[in-house]
Protein chains: 2
Amino acid sequence: MNVLSDRLVNLFGALAVGITDRIKKAAFDPTIPGGGETTAAIVVIGHATGLSIDELGRVLGLSHAGTVRLVDRLVAAGFAVRSKALRDRRAVALMLTEAGETRLSAILQRRNETLSEILSHVSNADRLVLERIAETILAQMSDDAVSALTICRLCDERRCYNCPMDAFGMLESSTHRVDP
Amino acid sequence: MNVLSDRLVNLFGALAVGITDRIKKAAFDPTIPGGGETTAAIVVIGHATGLSIDELGRVLGLSHAGTVRLVDRLVAAGFAVRSKALRDRRAVALMLTEAGETRLSAILQRRNETLSEILSHVSNADRLVLERIAETILAQMSDDAVSALTICRLCDERRCYNCPMDAFGMLESSTHRVDP
DNA sequence: GCGTGATATATGCGCTGCGCATACACTATG
DNA sequence: CATAGTGTATGCGCAGCGCATATATCACGC
C-alpha cells in the first residue's frame, strides 16, 4: 500500500467540490426553466442526439417520471423536441431545436471560460501532469456509456480530442454525431 | 497568454464533476433527514462549532428561511442543538450532539475511503504535483472565511495539516476548535 | 436613557421538482 | 396470437426552498 497523505485527500476533494460549484454556477442559465440538472440535460441531448427519455433519466440519475417532466419543460420552452425514434415506435428521440443549440453553445462557452481562467494559474509543466492524472482517473471511473455520459454531462465533447470516455461507447438510441 | 488545451479544460471539468458526484454519494447518509446540503451542514457545524444560522446559510448558499428549516430537521433528528450565543443574544450557536458527531465521523470516513481509492491509482510522483496544483488553485478561489468553508463543506479539516484555507480566517461566531 | 435603523431568528404561504403508483402503447418471444 | 417486457405519460402527494412578514435584540446617535 502506498503512502497517501490525508492532506492530499482533503485538498483534492475540496478542489473537486469547489470547481464543480463554479462550473454549475457558470453553466446555469436562468432562461432555462427548472433548476437541478436541467442545464445538464441540454448538454446531454446535444451530445447524444436521438437518445430516449429512459436513457436521459439514467444519465441524469432521475426517475422516469422526473425525466418526463424535465423534458416537458424543455419542450415547452422550445429548446428540445420529441421526435419519433427510428427503431422503436414506443421510444422518443430527443433532440435540440435551434434555440436549444444556441443555449448549449452559451452554456459551454461560459463553462470553458471559467475553467480556463482557473487553469491559467497552473504552470505549463503541471498542466501536462494534470491532464495525465485526469485521464487516468476518468478512465477507471466509468463502466459504460451511461456512467461516462453522467460524468461528461457538462462537457464540451466536441472540443475533447481523443476523449478517454469514448472508449465506453455510445448509448443505444443515440445517432452518431456528424462532425461539421 | 499561455496555450491551454481544450482537452485539458474538458478532462479537468469532467474530473471535478465526477469526483464530486462520488463524494456526495459517499457522504450521503439516509438516516439524516433532508437531502441537498443537509449532510454538508453537519460537516460545517462540526468544523465551525458555534456558528450562527445566518453564517451557515451563507456557507451553504441557502436563504435564511431555508436554513432555519434545515436546522429544524437536524435538531428534530437529534444531530444538532441550538444553544445560546455568548456575544449576541439574538443569535443561535449551532453545535453537534454526540449523535451528530458520530454521524460526522461516519460521513468523513466514507468520503476519505472513496477519495483514497480513487487516488490510489495515481503515482507517487504525480501525487506531489497534484497536491501542489490543488493548493495553488484553492488558494485563489476563496476571498473570505465563508467562501473557504463553502468549498471545504465536505472536508475532514482535522486531517488537513497546514490547510491553505486557514489563511481566510474563521467565522465571526465560531469558537476555536480545541485540538484533542 | 431613549429612539431609530440594522441584524438574527422564526413562521405562514405557495411554488417547484421529484418519486411512487398506475395506465397505456409498442415490442419481443414463445 | 398470447404473454411478458420495455418506453412513455399522468394523477397524486411530499419535501425543500424562497418570499414576505413578524418578533427579539443590538448598535449608534442624541
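Note on naming: letters A, B, ... go to the chains in the order of the sequence lines (proteins, then strands), and numbering restarts at 1 for each one.
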Using the side chain to side chain donor-acceptor pair (under 3.5 Å) criterion, which residues pair with [X]? Sequence neighbours excluded.
X	answer
A/Q140	B/H121
B/R22	none
B/R111	A/N10
A/T39	none

Subject >> Connected-component partners of A/M95 among ILVMFWY, side-chain separation under 4.5 Å >> reply: A/V81

Original post:
Which pairs count as salt bridge (charged side-chain N to carboxylate O under 4.0 Å, His left out) when at least one residue sits in residues 133-143 of chain A, sequence neighbours excluded?
Top reply: A/E135-B/R7

Spacing of [X] atom [atom1] relative to [N] atom [atom2], expressed in whole Å:
X	N	atom1	atom2	value
B/I32	D/dA15	CD1	P	17 Å
A/D54	D/dG5	CG	C1'	13 Å
A/I53	D/dT8	CD1	P	5 Å
A/R90	D/dT6	CZ	C1'	4 Å
A/R87	D/dG7	CZ	P	12 Å

**OP:** Say whether, by atom type as modelled, one donor and one acceptor occur between the side chain of B/R127 and the main chain of B/N124 under 3.5 angstrom.
**Re:** no

**OP:** Name the first nucleotide and the last nucleotide along DNA chain C (5' to 3') that come under 4.0 Å of a heavy atom in chain B.
**Re:** C/dA6 to C/dC13

**OP:** Name every residue in residues 55-73 of chain A that has at least one heavy atom under 4.0 Å from any atom of DNA chain D, in order of residue number, or write none if there are no such residues.
**Re:** A/H64, A/A65, A/V68, A/R69

For residues 50-60 of chain B, dump all side-chain donor-acceptor pairs below 3.5 Å to protein atoms at least two apart in sequence or in another chain.
residue : atom : partner : partner atom : Å
B/S52   : OG   : B/E55   : N            : 3.1
B/S52   : OG   : B/E55   : OE1          : 3.3
B/D54   : OD1  : B/H64   : ND1          : 3.4
B/D54   : OD2  : B/R58   : NH1          : 2.3
B/E55   : OE1  : B/S52   : N            : 2.9
B/E55   : OE1  : B/S173  : OG           : 3.3
B/E55   : OE2  : B/E172  : N            : 3.3
B/E55   : OE2  : B/S173  : N            : 3.2
B/E55   : OE2  : B/S173  : OG           : 3.4

